[in-house]
Number of protein chains: 2
Amino acid sequence: MIQGKLMKELHKFDESEEMYLKTIAEISRHGNLVPVTNIAERLSISTVSASEMVHRLQDRGLLEHTPYKGVRLTDDGMNRAEGILRRHRLWECFLTEHLGLPWKQVHDFACQLEHVSEDTLTDALDEHLGFPSFCPHGNPIPPTQGVLEVRETTPLSDLGVGQEGVVLCIREEDGEILDYLDARAVRPGSRVRIEEIAPYDGPRSVLMDGEQQVLGREVAEHILIELVHGNETE
Amino acid sequence: MIQGKLMKELHKFDESEEMYLKTIAEISRHGNLVPVTNIAERLSISTVSASEMVHRLQDRGLLEHTPYKGVRLTDDGMNRAEGILRRHRLWECFLTEHLGLPWKQVHDFACQLEHVSEDTLTDALDEHLGFPSFCPHGNPIPPTQGVLEVRETTPLSDLGVGQEGVVLCIREEDGEILDYLDARAVRPGSRVRIEEIAPYDGPRSVLMDGEQQVLGREVAEHILIELVHGNETE
DNA sequence: TCGTATAATTAGGATACCCTTATATTAACT
DNA sequence: AGTTAATATAAGGGTATCCTAATTATACGA
């Protein structure tokens, strides 16, 4: 395909591809296979389209698809994905610290900016920000090289009544939840204790930095905690 | 077309459309009709494609096409275009002042970033930068509302031997030239005097901030000057 | 082992851009 | 007025990505 230079550049970063890689990386977290269905769901596209694209990405050597099982990123794919997360989180730092924007906007804008940052730009940004290790939501920023530091975390939803911890990060795949938690001043570093859990694994009453709050289980699943005390998960 | 939310957002800003509008705005500068051929040329696409797109843009009410004459942006189109230039130039300020990147990269990155900045982001950036009036190359930054301030400028190529002036801005449509001039320390504010013009309207020998330089006519056309002295254009 | 729910694929379409080649049309100069 | 060069349009293609509906293949629990 012979095509104009300028217009070609528009598609250089292949945003669609990047969205897939990022999504897969976010879902897989623990190295397990990611069902194509989940990808489709998260991207709000049909399973047929997702399936098609998965094939394309496999052809490009970015992932491996085990039919009826799921998908796993190759090293190449993982590198790409981490690059995107890196860009995303660095931009989040900038948007938060320098522009003072609220979490929701920070996330949404970063979702756009992550696709238009070449390494030179990203690295310059990194330096400008003082090489931060975590995004405003507490997620680690993948380094240019080397392995992403993994921290031991427990979803708030797994804590039992009386257990205490400190918020390490909020899983940021979902923009909505960030808005919700931003408004409730739930931040990395917040001290939290479960006061009560409603029947049927229902909403949690928690003490968050001394403030009484009620959080649904779904929300609690997205808040990752470092246990304090010697308390074991129930 | 019913389509996924996330993926839809990828194309929300319609980069192609924006490239056309920006290009047309840059070429037209003086309110004249822009031949479709020129648009095609600048975007490095075929005239057929450009023609097609011009029709689309006309249908969208962004421009008016007078066959065999050219194209003119409507008010809507102009607003869109100025929005893009505003974003582009604000990002250029950021990339220059805060990240310390060289002109060429600044321009290239801004070309990407300009398509992914909503108003909220742009305005926050504007504030963060202290509401600058000009980009690093001296081009005015269109305000959110109100009219773009127009300055009286003369292309360096129009100056005669002995005439003097101050560089106001470099027309930044072309990334290459920025690299070239960056390396030669040609900046807004530089003092320049024409020492000699080679035959056939050839290369200019100029004194630029005391430095002897030779600049081709093409390049000189892109350097816009404010005349000093009472010197009239020859 | 069988049946069902889940996953994958096939078939047929749509859209937005882009391309080349060939054919009109018009402007503009002699 | 007539010819030419510039401009526009028509015809036929291509790619990437998405869709729905219908079909086929598989895994896994009863």
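Proteins get letters first, then strands, A, B, ... in listed order; numbering begins at 1 in each. We use all heavy atoms of the structure for the numbers below, so side chains are in, but hydrogens, waters and symmetry mates are not.
- Remark: the B:His88 side chain and the B:Glu92 side chain contain an N/O donor-acceptor pair separated by less than 3.5 Å.
- If you measure from atom CE of A:Met53 to atom C1' of C:dA7, you get 19 Å, rounded to the nearest angstrom.
- In this structure, B:Thr47 reaches neither bases nor backbone, as no heavy-atom distance under 4.0 Å exists between it and the strands shown.
- Annotation: side chain of B:Arg87 is in contact with side chain of B:Glu18 (closest heavy-atom distance under 4.5 Å).
- For the side chain to side chain contact (heavy atoms under 4.5 Å, CB included) test, residues two or more places apart in sequence or in another chain that qualify with A:Glu52 are A:Arg56.
- A search for salt bridge (charged side-chain N to carboxylate O under 4.0 Å, His left out) contacts involving B:Glu82 returns nothing, not counting sequence neighbours.
- Every residue two or more places apart in sequence or in another chain that forms a side chain to side chain contact (heavy atoms under 4.5 Å, CB included) with B:Thr144 is listed here: B:Arg86, B:Asp123.
- Listed nucleotides D:dA10, D:dT17, D:dC19 differ in distance to A:Ser49; the shortest reach to its side chain belongs to D:dC19.
- When the P atom of C:dC17 is taken as reference, atom CD of B:Glu15 falls 11 Å away, rounded to whole Å.
- The salt bridge (Lys or Arg N to Asp or Glu O under 4.0 Å) contacts involving residues 132-141 of chain B comprise nothing, where partners must be two or more places apart or lie in separate chains.
- Considering only side-chain N and O atoms, A:His55 lies under 4.0 angstrom from the phosphate OP1 or OP2 of C:dT9.
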Protein heavy-atom contacts under 4.0 Å, written 5' to 3' over nucleotides 23-30 of chain C as B (base), S (sugar-phosphate only) or - (none), form the string --BSS---
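- Side-chain N/O atoms of B:His65 include one lying less than 4.0 angstrom from OP1 or OP2 on D:dA8.
- In this structure, the nucleotide among C:dT20, C:dT9, D:dT17 sitting nearest to the side chain of A:Val48 is C:dT9.
- Nucleic acid contact for B:Val36: sugar-phosphate only, since backbone atoms but no base atoms lie under 4.0 Å from a heavy atom of the residue.
- Comparing A:Ala50 and B:Ser51, the nucleotide of DNA chain D nearest to each residue sits closer to the 5' end for B:Ser51.
- One finds no side-chain N or O of B:Ser16 lying less than 4.0 angstrom from the OP1 or OP2 phosphate oxygen of C:dC17.
- Put simply, CG on B:Leu43 is 8 Å from P on C:dC18, counting in whole angstrom units.
- When the side-chain nitrogen and oxygen atoms of A:Tyr20 are compared with OP1 and OP2 of D:dA16, none of them lie within a distance under 4.0 Å.
- Note: CG (B:Asp59) to P (C:dT15) measures 15 Å, nearest angstrom.
- Spacing between atom CG of B:Leu33 and atom C1' of D:dA6 amounts to 16 Å, rounded to whole angstrom units.
- The distance from atom CD1 of B:Ile39 to atom P of D:dA6 is 18 Å, rounded to the nearest whole Å.
- Projected onto DNA chain C by closest heavy-atom contact, A:Gly70 and A:Glu52 fall at different nucleotides, the more 5' of which corresponds to A:Gly70.
- Here C:dC18 is the nucleotide among C:dT20, C:dC18, C:dC17 with the atom lying nearest to any side-chain atom of B:Ile45.
- At whole-Å resolution of the value, CD in A:Glu17 and C1' in D:dT17 are 13 Å apart.
- Checking C:dA7, D:dC18, D:dT9 against every side-chain atom of A:Thr37, the shortest atom distance belongs to C:dA7.
- Taking side-chain N and O atoms only, A:Arg56 has no distance below 4.0 Å to OP1 or OP2 of D:dA16.
- A close approach under 4.0 Å does not occur between any side-chain nitrogen or oxygen of A:Ser46 and OP1 or OP2 of D:dC18.
- At distances below 3.5 Å, at least one donor-acceptor pair connects side-chain atoms of A:His107 with backbone N or O atoms of A:Glu172.
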For residues 32-40 of chain A, which side-chain donor-acceptor pairs fall under 3.5 Å, sequence neighbours excluded?
none

